[in-house]
Amino acid sequence: MTKEDTLYLQEAVELARQGVKNGVGGPFGCIIVKEGRVVGKGCNRVTSTNDPTAHAEVVAIRDACQQLGNYQLTDCDVYTSCEPCPMCLGALYWARPRRVIYASTRHEAADAGFDDAFIYREINLSIEDRKIPFDYLALTEAVDLFGLWKEKGNKKLY
């Protein structure tokens with residue numbers, strides 16, 4: 001880790017602190033950096049926006065992608081105040097940053113009431129054993145969409 005890593009991580013923590021103080025959401029903040037420049041910022045906004053996906057990392061990813069004009073975070077470093085939850089982990093993998101640096105663990109978050117361990121357990125269960133029912137109803141029209149996508153000539157893969 002470099003001195004710059006520490007400074008960016010402290011900035012993410014401060015963003016989280018300000019979010020809590022201002023009543024915006026939970027104690028999570030995220031900064032995204034590319035080539036020494038902050039290109040995205042976000043703090044948790046779940047309760048203030050009534051959006052369960054408004055986690056700090058997701059807010060920062062959206063901000064950075066807008067700033068960069070790209071749906072990928074190529075050569076970007078993500079600094080987040082806490083180890084990402086399963087949703088944010090998935091979003092980060094889709095965004096493909098160079099690396100993620102975090103300041104506290106999911107276990108420390110769980111101790112404060114932000115326990116995502118049940119989600120990690122649910123992911124590994126068969127669909128039939130999950131707490132939220134997932135019912136499969138096959139529609140030919142839905143499967144046909146994949147054929148439409150395969151035939152599309154000017155598509156962008158992601």
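In this chain, numbering begins with 1 at the start of the sequence shown. Computed from a prediction, not measured in an experiment: that's the story for all the values here.
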Participant: I'd like to know if the side chain of Arg96 and the backbone of Trp94 have a donor-acceptor N/O pair within less than 3.5 Å.
Facilitator: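 Checked: pair present.
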
Participant: Sequence neighbours excluded, which residues qualify as side chain to side chain donor-acceptor pair (under 3.5 Å) partners of Gln66?
Facilitator: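 If we apply the side chain to side chain donor-acceptor pair (under 3.5 Å) test to Gln66, skipping adjacent residues, there are no hits.
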
Participant: Provide the closest heavy-atom pair for Ala64 versus Ile32 in the form atom of the first, atom of the second, distance.
Facilitator: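 Where Ala64 meets Ile32 most closely, the heavy atoms are CB-CD1, 3.9 Å.
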
Participant: Would you compute the distance between atom CD1 of Ile31 and atom CD1 of Ile101 and round it to the nearest 0.5 angstrom?
Facilitator: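 Between atom CD1 of Ile31 and atom CD1 of Ile101 there are 12.0 Å.
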
Participant: For a quick check under 3.5 Å, do Glu57 and Thr80 share a side-chain donor-acceptor pair by atom type?
Facilitator: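 Indeed, the side chains of Glu57 and Thr80 share at least one donor-acceptor pair under 3.5 Å.
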
Participant: Run the salt-bridge test on Arg99 and Asp75 with the 4.0 Å N-O cut-off and return the result as yes or no.
Facilitator: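 No, Arg99 and Asp75 are not salt-bridged.
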
Participant: Can you name the side chain to side chain contact (heavy atoms under 4.5 Å, CB included) partners of Tyr93, sequence neighbours left out?
Facilitator: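 Testing Tyr93 for side chain to side chain contact (heavy atoms under 4.5 Å, CB included), a comparison that skips the adjacent residues, returns Leu89.
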
Participant: Less than 4.5 Å apart, any side-chain heavy atom of Cys85 and any of His55?
Facilitator: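 SC-SC contact between Cys85 and His55 confirmed.
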
Participant: Calculate, to the nearest 0.5 Å, the distance between atoms CG and CG belonging to Leu73 and Leu92 respectively.
Facilitator: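 Answer for the CG-CG pair, Leu73 versus Leu92, is 8.0 Å.
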
Participant: Just say parallel, tilted or perpendicular for the rings of Tyr79 and Tyr8, cut-offs at 30° and 60°.
Facilitator: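 Ring orientation, 0 to 90° scale: tilted.
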
Participant: Considering non-hydrogen atoms only, spot the tightest contact between Val13 and Ala103 and give its length.
Facilitator: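 Scanning both residues, the minimum pair turns out to be CG2-CB, 4.1 Å.
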
Participant: Using every non-hydrogen atom in the two residues, find where Cys65 and Gln72 come nearest and quote the distance to one decimal.
Facilitator: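 In this case the closest contact between Cys65 and Gln72 is SG-N, 4.4 Å.
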
Participant: Using side chain to side chain donor-acceptor pair (under 3.5 Å) as the criterion, list what pairs up with Asp129, not counting sequence neighbours.
Facilitator: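 Scan of Asp129 (side chain to side chain donor-acceptor pair (under 3.5 Å), adjacent residues dropped) gives Ser126.
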
Participant: So does Arg130 pair up with Glu122, basic N to acidic O under 4.0 Å?
Facilitator: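 Judged by the 4.0 Å cut-off on N to carboxylate O distance, Arg130 and Glu122 do not form a salt bridge.
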
Participant: About how many Å separate SG of Cys88 and CD1 of Ile61, when rounded to the nearest 0.5 Å?
Facilitator: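 Spacing of CD1 (Ile61) from SG (Cys88) equals 7.0 Å.
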
Participant: When rounded to the nearest 0.5 angstrom, what distance separates CZ in Arg17 from CD in Gln10?
Facilitator: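 Going from CZ on Arg17 over to CD on Gln10, the span is 10.0 Å.
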
Participant: Please list, chain by chain and in numerical order, all residues satisfying side chain to side chain contact (heavy atoms under 4.5 Å, CB included) with Arg98, sequence neighbours excluded.
Facilitator: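 Testing Arg98 for side chain to side chain contact (heavy atoms under 4.5 Å, CB included), a comparison that skips the adjacent residues, returns Asp77.
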
Participant: Sequence neighbours left out, what passes salt bridge (charged side-chain N to carboxylate O under 4.0 Å, His left out) with Arg121? Give chain and number order.
Facilitator: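 Per chain and number, Arg121 pairs via salt bridge (charged side-chain N to carboxylate O under 4.0 Å, His left out) with no residue.
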
Participant: What residues, two or more places apart in sequence or in another chain, satisfy side chain to side chain contact (heavy atoms under 4.5 Å, CB included) together with Ala16?
Facilitator: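 Listed in chain order: Ser81.
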
Participant: If you measure from CD on Glu128 to CG on Asp135, what distance do you get to the nearest 0.5 Å?
Facilitator: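 The distance works out to 10.0 Å.
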
Participant: Taking Asp111 for the side chain and Glu108 for the main chain, is one N or O donor matched with an acceptor at less than 3.5 Å?
Facilitator: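 Pair absent, no side-chain N/O of Asp111 close to backbone of Glu108.
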
Participant: Are the side chain of Asn22 and the backbone of Val24 linked by a donor-acceptor contact shorter than 3.5 Å?
Facilitator: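 No, because the side chain of Asn22 does not come within donor-acceptor range (under 3.5 Å) of the backbone of Val24.
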
Participant: Is there a donor-acceptor pair closer than 3.5 Å between any side-chain N or O of Asn44 and the backbone N or O of Gly26?
Facilitator: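 Yes; judged by distance alone, with no hydrogens or angles, the pair exists.
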
Participant: Go through it in stages, so that I can follow the logic: the residues are Gln18 and Glu14, the test is side-chain contact (heavy atoms from CB on, under 4.5 Å), and I'd like the CA-CA distance, side-chain angles, deciding distance and then a yes or no.
Facilitator: CA-CA 6 Å; Gln18 290 304 314; Glu14 183 55 30; 2.7 Å; yes

